[in-house]
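Have a look at the structure below, then the notes.
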Amino acid sequence: MSSYRIQGATGDWEVVIGLEVHAQVTSNAKLFSGASTAFGSEPNSQVSLVDAAMPGMLPTLNRECIAQAVRTGMAIDAAINKWSRFDRKNYFYADLPQGYQISQLYHPLVGEGTITVQLDEKDPDSPVKAIGVERIHVEQDAGKLMHDQHPTRSYVDLNRSGVALMEIVSKPDMRSPAEAGAYVRKLRSILRYVGSCDGNMEEGSMRADVNVSVRKPGEEFGTRTETKNVNSVRFVMAVIEHEARRQVDVLEAGGKIVQETRLYDPDRGETRSMRSKEDAHDYRYFPDPDLLPLVLDDAFLAECRASLPELPDPKRRRYETELGLSAYNAAVLTAEVETTRWFEVLLAECGSKVTAKAAANWLISDLFGALNRLGRDIADSPVSPAQGAELLALIAGGTISNTLGKQVFEIMLETGQAAGVIVEERGLKQTSDTGAIEAEIAKVIAANPDKVADYRGGKDKLFGFFVGQTMKAMAGKANPGVVNELLKKALG
Ligand code: ADP
Ligand code: MG
C-alpha cells in the first residue's frame, strides 16, 4: 500500500516485516492452575504448586483461556483447529522453574487469519491492506527477575509464572514502519473489543517481537533479525527504521546479515545483538506428556462465537450507513472500544431527542477537547453519558443555544452540576418570548436609524449587524430563529 524505500548507495531497498505479538490473556486464573492473575499484587502471593513447578504437580487446562484465544481467532476470521496439542519448549532460566515452557509448536489452536489495517485510521481515504496472520498459539508466561532490589542479590517473582499468553504470529506481509504501527494498533483494538487481552503495552500485557529483513524490490526475502519484547507502537516503528537502515549499511559494505535475536535500547534508539538465533530443534520441543491433546466440540465453538461483540470494522460501517455519521466520525468513534461503549450509552440516554450526528459531533469536539485538556481517558470522564445526554437534549429542544451549550458544558466540568440545574440557577434559558425580543428589536432600530435606512436601501449584509445587536441586548439568551423572524418583520 505504501512504497516505503530505504535509500542506499546501490539503490533503493524494501523492508519486510513480520510481527510476533505476545498478548496476555484476560482470565481470572492461570493457564494450568487456579492461581490468580491480578496485576500488581505482592511478589509470590499468587503462585500455586503447579506454577512453582513442585515435583509431581500436574497441569489442568483452564477452559476460559482457551475460549479467549478461540474468540480472538474468530475475530480475525481465522481457522480454528478443533484438534491442537501442547508441547514442551525446553530451556533453563531462573524465572522458569519448570525448565520448560508449555507452548504449541506443531499444532496451534488457531490457524490462518487476517487483520485489515488502514494506514492512517483517522483518514478514511488512506490506503487499506489485509495483513495475514499465520497462527495463534497458547502458551505459559514466565516469572519475573528483579535485579534492582538489593546490591548483591537478585529476586524472582513467580506471580506471572503460568499466566496464559496468546502468541499472534503475522505473515511477513508488512512493508513499512507505518504499516506495522497500524497493524499493532488494529490488533490491540480488536483484542480490547473481544476482551481477550487488555492491550496495555506499558504494563507488558502486550509486547511484540519484531522481525525485519531488507531486499531489493522484487528479489527474494533477505535474512531477518528478531528484536524482542518491544513494548510500544512507537518503539516498534523505531526498531524497524533503525534495523532496516543498519541491515542496508551492512549489506552495502559487503557484509552479511546473520539471523539473530536483538534488543532495542530506547534511550540510544538502536538495536543490539543479544544472541544468535536458536532454531526450534535447540529447544527439544516434544508433546507434553502431562496433557492430552485439546479437542474442541461444536457447542464450545458456538458458545465462543455467540459471545463475540460487534467488531470495529462492521461497527464502523454501520455507524456510517445506519447512523449517517461521516466516515471520519465513524472511524474515530470505533477506533477504541471504550469510546464506542461511551458513545452507545450516550445514544441510548439521548433516545429520540437528539440525533446521532449531534451526539457524535459533541463527543468528538467538545468532550474529547475537554478530556485532552484534563489529560483524562474517556473511561474516567468527569461527565457521564447521562449528563451529556441531558445537555444535548437541552440544545436539541431549543432551551439553550449551541453557544450557550458550550458554556454550560464548561460549568458542568467545573462544578459537576447537571446541565438542567445550571441553566435554571443561572437563568441561561433561551427565550422565545416574542414580546421581550420585540421590545429589544425596537430599541436597536431606534438607536441605529442610519443603518436601518441603508438596509432598507439594499445593504442586505447589515442584517447580521441587527441580529448581533439584538442577541447582545438579550444577553445571548434569545432563540436565534425567533430573532431572525422578528427582525425580518420589523425591518420590512
Ligand atoms: P521461526 O519459526 O523461526 O520463529 P517463523 O516462520 O515462525 O520463524 O517466523 C517468525 C516471524 O518472522 C513471523 O512473524 C514471520 O512473518 C517473520 N518472518 C519470516 N521470514 C521473514 C523475513 N524474511 N523477513 C521479515 N520477517 C520474516
Ligand atoms: Mg517464532
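Both ligands and their constituent atoms are indexed starting at 1 by order of listing.
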Using a 4.0 Å cut-off to any heavy atom of [X], which atoms of ligand 1 qualify?
| X | result |
| --- | --- |
| Leu19 | 14 (O) |
| Val16 | 24 (N), 25 (C) |
| Gly222 | 23 (N) |
| Lys171 | 16 (O) |
| Val169 | 13 (C), 14 (O) |

Does the Thr37 side chain pair with the main chain of Val163, one donor and one acceptor, at a distance under 3.5 Å? no

Using a 3.5 Å distance criterion without hydrogens, assess whether the side chain of Asn159 forms a donor-acceptor pair with backbone atoms of Asn44. yes

Could you check, using the six-membered ring where one of them is a Trp, whether Tyr283 and Tyr100 have ring centers closer than 6.0 angstrom? no

Below 4.5 Å, heavy atoms only, C-beta onward: do Thr72 and Leu191 meet side chain to side chain? yes

For Asp77 and Thr114: C-alpha separation, side-chain torsions, deciding distance, then whether side chain to side chain donor-acceptor pair (under 3.5 Å) applies. CA-CA 6 Å; Asp77 285 325; Thr114 311; over 6 Å; no

Among Arg224, Glu167, Arg215, Glu220, which residue places a heavy atom closest to atom 10 (C) of ligand 1? Arg224

Should Phe221 be counted as touching ligand 1, given the test is an N or O pair under 3.5 Å? no

Considering both backbone and side-chain atoms of Ser213, is one of its nitrogen or oxygen atoms within less than 3.5 Å of a nitrogen or oxygen in ligand 1? yes

With Arg192, which of Asn200, Thr340, Thr26 fulfils side chain to side chain donor-acceptor pair (under 3.5 Å)? Asn200

